[in-house]
Amino acid sequence: MEFLSQCTSGGCGAKIGPNELASFLNHLPTFTDKRILVDFDSSDDAAVYQISEDTALISTVDFFSPMVDDPKTFGRIAAANAMSDVYAMGGEVLFALNLVCFPEKMDKQMLSDILYGGAEKLKEAQASLAGGHSIYDHEPKYGLAVMGRIDPQKIIRNNTAEPGDILILTKALGVGLIQAAVRGQVASKKAEQAAIDSMERLNKYAAEKMQDFAVHACTDVTGFGLLVHATEMADKHVTLVIDTEQLPLLPEAYHYAEEFLATAAGQRNRQFMAGKIDLSAVTPAFQEILFDPQTSGGLLLSVAPEQAEACLTAIKKEDPVAAIIGEVCERVTEQPLLIL
């Protein structure tokens, strides 16, 4: 593992924990530009800036160190992950800029492969690569600053779920657990390949399908795991009910959870949710899956109940693992989530 062995952490599992991040952001000055329609106040997936009556720009950035041993595969995953924020808001990706950190002494062919993999995904997304910035660093890191476009009247936010909505998840969970098993050299080839296929998969296709339905809220599930992202969706107004028996799982993810192949990021997510939810009815293995950080994870949609089945059917044509995982209820307790 010459490439992966250079890294102490990788993928969205390297994110700063939600508790720590919130403490840093709370000290920043406020900004009052009325053309900024979405910023980090709601922990939304990207920023949105209105430039005309019918056009707004979506701006987002994502980068991390490798979680796989093949540089080109890493490039594809990092690019798919970076563009996901635009898709979660219902937007179209226009172009992107490369963000590169690379060790001066490492084989430069690896860097070439990373960039090629990222460019492949931009081609698939029908977006353009328009430049970038690179520096030498102790560990390789790669990602994109992405620019997208959306009609301001059609922005899908992450915290506007409505009571009665049905929850759809478009990718299977367990990426972080499988990558932990890979690092421990106990993962099967089947599980490893399934995780790679999932991480490389663009959320573009599911996002295009959701445009035809009444989607009240959407977010992509990444480093904070399903429960933290679902809590952001619940905000202070509704409670999300999630049925663990309905969760789509990657092959052997549950087994690795039973073997306690949890990640440090998963434990940070658990600490953030301490006291906010009751997990007494959930097996320890499912708890690990619920907290597991997802690199380039799927979309979590909150869909009007009368359109949920049709929306799921449309998404499953190209993302067959998509599933209904729960519903949205009126908030009657302090808990943002009920986990069955």
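Here the straight-line distance linking atom CD1 of Ile156 with atom OG1 of Thr219 works out to 11.5 Å at 0.5 Å rounding. In this structure, the separation between CD on Gln294 and OG on Ser198 is 7.5 Å, given to the nearest 0.5 Å. With values rounded to the nearest 0.5 angstrom, Ile289 atom CD1 is found 7.0 Å from Thr283 atom OG1. In this structure, the separation between OG on Ser134 and NZ on Lys141 is 13.5 Å, given to the nearest 0.5 Å. Note that CD1 of Ile325 is 9.5 Å distant from CD1 of Ile168, once rounded to the nearest 0.5 Å. Note: Ile77 CD1 to Arg201 CZ = 14.5 Å, rounded to the nearest 0.5 Å.
Taking both residues in full, the closest heavy atoms of Leu250 and Ala172 are given as N-CB, 3.6 Å, listed atom of the first, atom of the second, then distance. Considering all non-hydrogen atoms of both residues, Thr55 and Pro152 come closest at N-CD, 3.5 Å.
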Q.
If you apply the rule side-chain hydrogen bond (donor to acceptor under 3.5 Å, both in side chains), what do you find for Ser188 with Glu252, and how did you get there?
A. CA-CA 8 Å; Ser188 71; Glu252 300 172 34; 2.9 Å; yes

Q.
Set out, in order, the CA-CA distance, both residues' side-chain angles and the distance that settles side-chain hydrogen bond (donor to acceptor under 3.5 Å, both in side chains) for Asp319 and Thr170, then state yes or no.
A. CA-CA 7 Å; Asp319 291 280; Thr170 66; 5.9 Å; no

Q: Begin from the C-alpha positions of Arg157 and Val38 and carry the test side chain to side chain contact (heavy atoms under 4.5 Å, CB included) through to its verdict.
A: CA-CA 8 Å; Arg157 298 172 185 263; Val38 180; 3.3 Å; yes

(Q) Ile339 vs Asp278, test: side chain to side chain contact (heavy atoms under 4.5 Å, CB included). Steps then yes/no. (A) CA-CA 7 Å; Ile339 311 300; Asp278 179 5; over 6 Å; no

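A side-chain donor-acceptor contact under 3.5 Å links Gln287 to the backbone of Val282. Under the 3.5 Å distance criterion, the side-chain polar atoms of Thr231 are matched with a main-chain donor or acceptor of Leu227. Distance alone, capped at 3.5 Å, is enough to place a donor-acceptor pair between the Ser296 side chain and the Met199 backbone. Remark: the backbone N or O of Thr73 is paired with a side-chain donor or acceptor of Asp70 at under 3.5 angstrom. With Ser128 contributing its side chain and Ala130 its backbone, the two residues share no donor-acceptor pair below 3.5 Å. At least one donor-acceptor pair closer than 3.5 Å links the side chain of Thr244 to the backbone N or O of Leu340. For the pair Asp39 (side chain) and Ala47 (backbone), a donor-acceptor distance under 3.5 Å is absent. Counting only distance, with no hydrogens or angles, the side chain of Gln246 and the backbone of Ala323 share no donor-acceptor pair below 3.5 Å. Listed for the Gln50 side chain is a donor-acceptor partner under 3.5 Å among the backbone atoms of Ser52. No donor-acceptor distance shorter than 3.5 angstrom exists from the side chain of Asp235 to the backbone of His237, with no hydrogens or angles considered.
Stacking of Lys276 on the aromatic ring of Phe272 is recorded, both the 6.0 Å distance cut-off and the 45° axial limit being met.
In the hydrophobic clustering of this structure, Leu97 does not group with Phe74; members are Ile, Leu, Val, Met, Phe, Trp, Tyr whose side-chain heavy atoms approach within less than 4.5 Å, directly or through other members. Placement of Tyr205 and Val221 within a single hydrophobic cluster is found when ILVMFWY residues are connected by side-chain heavy-atom separations under 4.5 Å, directly or transitively. When the side chains of ILVMFWY residues are joined at heavy-atom separations under 4.5 Å, either directly or via intervening members, Ile324 and Leu338 end up in two distinct hydrophobic clusters. Each of Tyr87 and Met147 belongs to its own hydrophobic cluster when Ile, Leu, Val, Met, Phe, Trp and Tyr are linked at side-chain heavy-atom distances under 4.5 angstrom. Clustering ILVMFWY residues whenever any of their side-chain heavy atoms sit less than 4.5 angstrom apart, transitively, puts Ile155 in the very cluster that holds Ile58.
No hydrogens or angles considered: a donor-acceptor pair under 3.5 Å links the side chains of Gln267 and Glu288.
The number of heavy atoms from other shown groups lying within 6.0 Å of NZ (Lys236) does not exceed 12.
Put simply, the side chain of Val93 reaches to within 4.5 Å of the side chain of Val146, judged on heavy atoms. A 4.5 Å side-chain heavy-atom check between Lys204 and Val86 finds every atom pair outside the cut-off. The shortest side-chain heavy-atom distance between Ser84 and Thr222 does not fall under the 4.5 Å cut-off. You'll find the side chain of Pro248 stays beyond 4.5 Å of the side chain of Leu173, heavy atoms only. At a threshold of 4.5 Å between non-hydrogen side-chain atoms, the residues Val321 and Leu249 do not count as touching. For the pair Phe291/Arg268, no side-chain contact is recorded, criterion being any heavy-atom separation below 4.5 Å from C-beta on.
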Which atom pairs, one a donor and one an acceptor, fall under 3.5 Å between side chains of residues 297-313 and the rest of the protein, sequence neighbours left out?
from	atom 1	to	atom 2	distance (Å)
Ser302	OG	Asp165	OD2	2.7
Gln307	OE1	Ala214	N	2.8
Thr313	OG1	Glu309	O	2.9

Name the atoms and distances for all side-chain donor-acceptor pairs under 3.5 Å in residues 112-122, with sequence neighbours left out.
from	atom 1	to	atom 2	distance (Å)
Asp113	OD1	Gln109	NE2	3.0
Glu120	OE1	Arg76	NE	2.7
Glu120	OE1	Arg76	NH2	3.4
Lys121	NZ	Glu124	OE1	2.7
Lys121	NZ	Glu200	O	2.8

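Under the 4.0 Å criterion applied to side-chain N and carboxylate O atoms, Asp33 and Arg35 are assigned as salt-bridge partners.
Of the candidates Val328, Leu167, Thr160, Val238, Met233 forms a side-chain contact (heavy atoms from CB on, under 4.5 Å) with just one, namely Leu167.
In this pair, Tyr254 and Phe286 present their aromatic rings perpendicular. The plane angle is above 60°, beyond the 30 to 60° band.
Outside the 6.0 Å centre-distance limit, the rings of Phe102 and Tyr142 are not counted as a close aromatic pair.
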